[in-house]
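One structure is given here, and the rest of the page talks about it.
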Amino acid sequence: SAVHLPVTPSNVCKARRLYIDFKDVGWQDWIIAPQGYMANYCHGECPFPLSESLNGTNHAILQTLVHSLDPHGTPQPCCVPIHLSPISMLYYDNNDNVVLRHYQDMVVDECGCR
Amino acid sequence: EEAKSPERLFLGSLGLSGRPRPAGSQQPGRHVPSALWRMFRRSEGDHAEESDPCTVSEYGVRGNIIRYVQDQGRLVSGWSSSCRACLEKQLYFNMSVLQPVELLSLAQLEITFHWKLLQGPRALSVSLYQVIRATLRGADPQAGRRLLLSQSVRLQHEPTSVAVDLTALAEGWRKPGRNYGLLLELLPLDAEPEELLPFHPGNSLPLEPASALPLVQASLVAVSLNPHQCRSGRRRRR
């Protein structure tokens, strides 16, 4: 019967933007492009009731319900990446060869509760 | 401690054995092949979502790493020992830059001839040999080599390129001690050798034989796939 205050929005699970400039980490002499990397990450609560914007699965919706009933026994669902994009890097290797490398699933576009 | 630094662990997860330290890092504006720029820009562009980062559509093969391996060969001599009127250029591509985990899917040799205006021949006979083993000076040069390609090239105002698929050969070069390189033999077709060069075969050393011939640029485009970075069976986003 206790009044249940919802988590303030800023704490809700979502992608947090983080940009890393390669100059800041001293990689500009071997990386040709891009200039930096979107190292976004997911962080935040998955509160009950799970709103649609939190992209939860049915399982995650049930887990938030169980967590609300037994917060110490069952954790909340996790705030994780649910959509990622590839990135490409153009760089010089140790032999001064020019290399283009593609990486799958490197940039977090969207987060959700799972 | 270096081995376990966060940077090394992070670069390791990117498939790099460590932070590359290119020798020419101090030269601003070093050359980047235009074909690689185009591929990079296409992968960053609006259609990045549709393209598969583990397929190189430009060459139609699986792969997520495209290397332009530079030629480390040198001008062997002004004159070829087997063909008196030819110029020989050794080509050598260091394939040990590929990590053992990588699967080589294509190795294409690209030779570009840059014709010099008002000077030199307009057509060349080009012969490419695989060097099978080192031969002693004076031994039969044909014994240590295997012919891979022989064709004539007409030089234009624009650079003229010849492409040769050397994937099977390059796979063999990844084993230590198996890479003796290639030999490129150029024979001018429409000019007498004497007209080209400021010296006669009798000279002991050529002054500048290559100055009379087109600039030859060679690079090996190696496409490989790192299976750790390309999980097969990945369902395309519907």
Side-chain angles (χ1 to χ4, degrees), chain A residues 15-43 52-58 80-112 114, chain B residues 6-7 10-11 13-28 30-33 35-44 48-49 51-56 58 63-70 72 93-94 96-98 219-226 229-231 234 237:
Chain A
R16 311 304 171 144
R17 291 176 66 83
L18 174 64
Y19 175 71
I20 292 177
D21 190 315
F22 289 140
K23 266 207 193 89
D24 291 343
V25 293
W27 286 2
Q28 71 279 12
D29 60 343
W30 62 277
I31 292 183
I32 303 167
Q35 303 300 306
Y37 163 56
M38 290 305 299
N40 304 338
Y41 59 94
C42 297
H43 181 65
E52 200 163 326
S53 65
L54 291 177
N55 295 306
T57 56
N58 291 337
V80 294
I82 60 172
H83 185 264
L84 294 138
S85 293
I87 68 165
S88 300
M89 272 174 56
L90 200 55
Y91 63 92
Y92 294 108
D93 68 9
N94 282 320
N95 291 282
D96 275 302
N97 301 317
V98 180
V99 184
L100 173 63
R101 204 183 266 250
H102 302 301
Y103 293 97
Q104 271 178 331
D105 301 335
M106 278 290 270
V107 177
V108 172
D109 295 326
E110 213 176 338
C111 301
R114 298 302 163 101
Chain B
E7 177 186 69
F10 178 72
L11 290 173
S13 68
L14 291 178
L16 300 171
S17 52
R19 177 197 290 207
R21 299 186 191 280
S25 57
Q26 308 313 316
Q27 300 161 20
R30 281 173 297 168
H31 173 63
V32 175
L36 275 186
W37 267 125
R38 272 198 307 276
M39 289 188 221
F40 173 76
R41 290 211 176 81
R42 198 177 60 74
S43 67
E44 295 275 298
E49 276 290 324
S51 67
D52 175 5
C54 296
T55 300
V56 182
E58 285 77 0
N64 68 314
I65 307 166
I66 303 100
R67 289 187 175 84
Y68 262 64
V69 184
Q70 294 189 90
Q72 296 172 352
F93 302 99
N94 176 8
S96 68
V97 295
L98 272 73
S219 54
L220 189 72
V221 180
V223 178
S224 57
L225 182 86
N226 184 324
Q229 293 160 0
C230 288
R231 288 175 296 286
R234 178 172 179 274
R237 181 189 168 106

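Chain letters run A, B, ... following the sequence lines, proteins first, then strands; residues in each count from 1.
Counting only distance, with no hydrogens or angles, the side chain of B:Arg19 and the backbone of A:Gly26 share a donor-acceptor pair below 3.5 Å. A:Asn97 places a side-chain N or O within donor-acceptor distance of the main-chain N or O of B:Gln70, the cut-off being under 3.5 Å.
With sequence neighbours left out, the ring-ring contact (aromatic ring centres under 6.0 Å, His included) criterion links A:Tyr91 to A:Trp30. Under the ring-ring contact (aromatic ring centres under 6.0 Å, His included) criterion, A:Phe22 pairs with A:Trp27, not counting sequence neighbours.
Only the side chain of B:Phe10 comes within contact range of chain A, with at least one heavy atom under 4.5 Å from a heavy atom of that chain. Neither the backbone nor the side chain of B:Leu225 comes within contact range of chain A; no heavy atom of the residue lies under 4.5 Å from a heavy atom of that chain.
For the side chain to side chain contact (heavy atoms under 4.5 Å, CB included) criterion with A:His102, the lone passing option out of B:Ile66, B:Asp52, B:Thr55 is B:Ile66.
No more than 12 heavy atoms of other residues, nucleotides or ligands lie within 6.0 Å of CG in A:Asn58, so this atom counts as exposed by the packing criterion. In this structure, A:Gln28 places its CD atom where more than 12 heavy-atom neighbours from other residues, nucleotides or ligands lie under 6.0 Å away.
Interatomic distance, OH of B:Tyr68 versus CG of A:Leu100, reported as 10.5 Å (0.5 Å rounding). Between the OH atom in A:Tyr103 and the SG atom in B:Cys230 there is a gap of 10.5 Å [rounded to 0.5 Å].
Shortest non-hydrogen contact noted between A:Ser88 and B:Phe40 is O-CE1, 3.3 Å. Of all heavy-atom pairs between B:Arg67 and A:Arg101, the closest is NH2-NH2, 3.8 Å.
Residues B:Val97 and A:Asn94 have side chains not in contact (no heavy-atom distance under 4.5 Å, counting atoms from C-beta outward).
Per-residue heavy-atom pair counts under 4.5 Å with chain A were compared for B:Val69, B:Leu14, B:Val32, and the maximum is reached by B:Leu14.
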